[in-house]
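Predicted, not measured: the structure shown is a model, and the values here were computed from it.
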Amino acid sequence: MAKNKCDQHVNGVELGFVEESESFCLQSKQFHSKVGGRPAWLSQSGLPSPSELCCLKCGQPSAFLLQVYAPIPRQARSFHRTCFVFCCKNTACYSHNDSRCFKVYRSQLPRKNDFYSYDPPVEEEAADIHSTDSEILQLGSGVKLCRVCGCLGPKSCSRCHSANYCSREHQTVDWKAGHKKECSKNGVVGVSLLDHKFLFLEYEVVTEPEDLQLEADSDGQIEEEQLKESEPPASDVLESMDEKDLEAMAKHESKESKVFEKFKRRTAIEPEQVLRYCRMGRPLWVSDENVPKETDIPNCLCGAKRLFEFQIMPQLLNYLKVDSPDASIDWGTLVVYTCAESCDQGNKYTAEFILKQDYGADHI
């Protein structure tokens, strides 16, 4: 990310867009933001355990959704810094404003560390670096990864002892996908990764500053009049209601409409945005429901407050190809809060806070 703290003079919001990219260009040592595929782990030790990445509703392993590379300037311990977001793929777990099927972890490293060169990577060399399957499934530190999801794989096939998994569920998936045929007692595993239909499609995330001048009026101020539109007309049913109830309902609907209209107006400028980044800024809400108070956001384990860093937009769902006739993975926006101090936890991945906000009932 080009910026980490909002500059109020220039708005400070960085918008993220997906672009197709070859997987070898999105490896850990290239330090990119990306969607889908396997996680490009930053720290090569202290990975989240399988139990930490299980959905809190169904208990199944989560899938890697997105990672944001966001170092903090002038903070030596955060020279490299990435936030990783995971979600459950069980559509039954998705209920209104329920965040329990999402996880987010932060990893950061100083410039001099145990895993990467002190000098920045050379982009031109990326095309000459094609990782083998064994390199994809084992980090340079020796940590072995699950063949299905790319997360920590502490379990291994009892027959070949060469295939690793995060869970029994993923071992079963791999067995049915073809490991049953390729597995042998001499420790030889098939030369190619199997298609388990578990990972999301992979894209690179590129960013650019949000340009609000596109919707500024002649005085250079952002038009707020649009927020005052769409008042619902009165009906015969409303006429029979108590005056106080009518006032309360009108106030709620007016506020809900204003929030949603602001969301639509801001995102209409760049409708393909999948990410909004503004560390220590403010999120763009889709509804006035489930907006957390400061006390609703738990402090970091270090004791520091957590502040807004970025949000994932609903447009990303179009690229994930997750729609189904009966149910679907869905959200209005996913809002991520991280430690204000970006505290140093060594090489360990640190859990942060994520909130799922859905559209109000009138805008579903």
Pick out which of Lys57, Lys356, Arg100 makes a side-chain hydrogen bond (donor to acceptor under 3.5 Å, both in side chains) with Ser95.
Lys57
Taking it one step at a time, do Leu66 and Leu316 satisfy side-chain contact (heavy atoms from CB on, under 4.5 Å)?
CA-CA 10 Å; Leu66 171 150; Leu316 180 59; 4.1 Å; yes
Looking at Arg266 and Glu210, is there a salt bridge between them, counting it only when a charged N and a carboxylate O are closer than 4.0 Å?
yes
On the ring face of Phe308, is Arg282 found with NZ or CZ under 6.0 Å from the centre and within 45° of the axis?
no
Should we count CD of Glu52 as having more than 12 external heavy atoms under 6.0 Å?
yes
Return yes if a side-chain donor-acceptor contact under 3.5 Å exists between Gln67 and Thr82, otherwise no.
no
Have Ser287 and Gln357 got a donor and an acceptor in their side chains that come within less than 3.5 Å?
no
Got a sec, which residues hit salt bridge (Lys or Arg N to Asp or Glu O under 4.0 Å) with Lys176, two or more places apart in sequence or on another chain?
none
Indicate yes or no: does Asp344 engage Arg77 in a salt bridge with an N to O separation below 4.0 Å.
no
Distance alone, cut at 3.5 Å: any donor-acceptor contact between the side chains of Asp174 and Gln171?
no
I'd like to know if Glu294 and Lys305 make a salt bridge, using a cut-off of under 4.0 Å between side-chain N and carboxylate O.
yes
Identify whether the distance between the nearest side-chain nitrogen and carboxylate oxygen of Glu261 and Lys264 falls below 4.0 Å.
yes
Check the orientation of Phe86 and Phe64. Use parallel for under 30°, tilted for 30 to 60°, and perpendicular for over 60°.
perpendicular
Group every Ile, Leu, Val, Met, Phe, Trp and Tyr by side-chain heavy-atom contacts under 4.5 Å, then state whether Val173 and Tyr165 land in the same group.
no
May I ask you to say whether Glu309 pairs ionically with Arg276, meaning some side-chain N is under 4.0 Å from a carboxylate O?
no
Ion pair present between Glu204 and Lys34, side-chain N to carboxylate O less than 4.0 angstrom?
no
Distance, nearest 0.5 Å, that separates SG of Cys160 from CD of Glu182
8.0 Å
State whether a side-chain donor-acceptor pair under 3.5 Å links Ser23 with Glu202.
yes
In Å, rounded to the nearest 0.5 Å, how long is the span from CD of Glu272 to OG1 of Thr267?
11.0 Å
Non-neighbouring partners of Asp195 that pass side-chain contact (heavy atoms from CB on, under 4.5 Å), sequence neighbours left out
Lys197
From OG (Ser162) to CZ (Arg147), nearest 0.5 Å:
9.5 Å
Knowing that exactly one of Thr207, Val205, Val68, Val336 qualifies, which makes a side chain to side chain contact (heavy atoms under 4.5 Å, CB included) with Tyr277?
Val68
Counting only heavy atoms not in Glu22, do more than 12 fall under 6.0 Å of its CD?
no
If Ile, Leu, Val, Met, Phe, Trp and Tyr residues are connected whenever their side-chain heavy atoms lie under 4.5 Å apart, and connections chain through other members, are Ile297 and Trp285 in the same group?
yes
Going through the distances and angles, do Phe31 and His80 end up as a ring pair (Phe, Tyr, Trp, His ring centres under 6.0 Å)?
CA-CA 8 Å; Phe31 307 113; His80 295 298; 4.1 Å; yes
Give, for atom CZ of Phe102 and atom CH2 of Trp331, the distance between the pair rounded to the nearest 0.5 Å.
5.5 Å
In a check of ring-ring contact (aromatic ring centres under 6.0 Å, His included) between Trp41 and each of Tyr349, Tyr105, Tyr116, which one passes?
Tyr349
